[in-house]
Number of protein chains: 2
Amino acid sequence: MSDTRGYHHGDLRRTLLTAAVQAIEESGPAALSLRDLARRAGVSHAAPAHHFGDRAGLFTAIAVQGFDTLAAALAEAGDELLDLGVAYVEFAVRHRAHFEVMFHPDLHRADDAELRAARERSGAVLRAGLAHRSARPEPAADGPQGDVLAAWSIVHGFATLWLAGALPAGLGEDPGAAARSVIRHLFTPAAGTD
Amino acid sequence: MSDTRGYHHGDLRRTLLTAAVQAIEESGPAALSLRDLARRAGVSHAAPAHHFGDRAGLFTAIAVQGFDTLAAALAEAGDELLDLGVAYVEFAVRHRAHFEVMFHPDLHRADDAELRAARERSGAVLRAGLAHRSARPEPAADGPQGDVLAAWSIVHGFATLWLAGALPAGLGEDPGAAARSVIRHLFTPAAGTD
DNA sequence: CGGCAATCTTGACAGCGACAAGATTTGCGG
DNA sequence: CCGCAAATCTTGTCGCTGTCAAGATTGCCG
């Protein structure tokens, strides 16, 4: 089904997408080359342009795929704010190529209709999960968005710093566990070990 | 002093650096071209290579400059954890080109000696400021690094999301003020207006 | 079965980073 | 003041890249 049989490839778009994600995970988005992608897929150098139009179009498609995957991961994580945050960080680490492309507007086409929709979808899942958070019953004073923003910031920052290799070495190998202990500082300021 | 007089430019390195920062602020790091930089400085296309060796070398120099500027900004911000965090976010927004390059290891040369030193310098300022934080006297249970990590994560995440344009529109124009209300969630979980 | 749209190829062009070799200038020892 | 070495910048070139245009091949639908 995904074999390169004859003139038409048959499944070139999906093949290029997975090859692109793998290449980004290996060498970062900047080093990604459409021609190299075509080479890996055993296809002529101009073939990718037909499916994505553009280098930015390819990144846009990756971002869309990323937001959908994130939405699914968050939906599966449950309603606890803590678990939601851990799932966010684990998504970022397990799909670092998607994550990096998703939050770099200068790579993809940020106003793309399909991308807007996917981003809105994952945002809705996030807000739905945060709506009946059990860890913090009393609403914050700076509006309902205040603590959502704080939670989003702390998990996004932790994930970004982890991926950038900027965090100290003593955190271990499990980003989810490390994130859990960090996120806890949001509700229980003076304790992180439970 | 910074004039292009004759065969030797006289101040080409600094000129290229500022031109690079401006170009990155306009179109992002990915679109930066050494040849375009040379053109802006009125210099031949291979001149930048002599000062930075490489495209990665240029980004490394920018990152070094960024960490030094950040260290200065943090040192000037005072000892309060809150003010420290606000200064961090304001630095990221005011020097977004530096900030983006600093935390993208695939752009610069992360093991560069001068870069290591600059990063360590700014890290020391951050830790010094956090050492006698007044807003939270009691130590966290998961070691002294726990709350430092939480604070760093929340400000870094907020700054990153702000720069990515991912935050909702209702936050106003002042990132420092918005950051202040978000950071407050770290110590006072149920209030953010005070 | 015929034609049409989708898909892929071939070819070309300008721009890019990197390297090598040469030109020019500065600075420093004598 | 001279001359030479090092620093700085230029010119030329190479392979690679993204993008566009035009043609070849295939699947599909009437």
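In the text below, chain A, chain B and the rest are named by the order of the sequence lines, each starting its count at 1.
Judged by distance alone, the side chain of B/Asp54 and the main-chain N or O of B/Gly57 form no donor-acceptor pair under 3.5 Å. In this structure, B/Arg55 contributes its side chain and B/Leu32 its backbone to a donor-acceptor pair below 3.5 Å. At least one donor-acceptor pair closer than 3.5 Å links the side chain of A/His108 to the backbone N or O of A/Val101. Using modelled atom types, one side-chain atom of A/Ser122 and one backbone atom of A/Arg119 make a donor-acceptor pair closer than 3.5 Å.
Residues A/Arg35 and B/Ala46 each lie close to DNA chain D; by heavy-atom proximity, the contact nearer the 5' end of the strand is made by B/Ala46.
If you check every strand for non-hydrogen atoms under 4.0 Å, A/His51 touches sugar and phosphate atoms only. Here A/Arg39 lies in heavy-atom contact (under 4.0 Å) with sugar-phosphate atoms only. Among the atoms of the strands shown, none is found under 4.0 Å from any heavy atom of A/Leu37. Counting non-hydrogen atoms under 4.0 angstrom, B/Ala47 reaches a base of the nucleic acid.
A straight line from CG of B/Leu34 to P of D/dC9 spans 15 Å, rounded to a whole angstrom. Taking atom CG of residue B/Leu12 and atom C1' of nucleotide D/dA7, one finds them 13 Å apart after rounding to whole Å. For A/Leu107 and D/dG18, the CG to C1' distance is 15 Å, given to the nearest whole Å. The separation between B/Leu16 atom CG and C/dG17 atom P is 12 Å, rounded to whole Å. Note: CZ (A/Phe52) to P (D/dG18) measures 13 Å, nearest angstrom. For the pair B/Asp36 CG and C/dG17 C1', the interatomic distance rounds to 14 Å; values are reported in whole Å.
With hydrogens and angles ignored, no donor-acceptor pair closer than 3.5 Å exists between the side chain of B/His45 and the base of C/dG15.
The side chain of B/Arg55 lies closest to C/dG17, out of C/dG17, C/dC16, D/dT11. Counting only heavy atoms from C-beta on, A/His50 has its side chain closest to C/dA6 among D/dT19, C/dA18, C/dA6. Considering only side-chain atoms of A/Ser44, the nucleotide from D/dT17, C/dT10, D/dC9 that sits closest is C/dT10.
Contact annotation: A/Ser33 reaches the phosphate of D/dG18 (side-chain N/O to OP1 or OP2, under 4.0 Å).
In the model, A/His104 has a side-chain atom that pairs as donor or acceptor with a side-chain atom of B/His104 under 3.5 Å.
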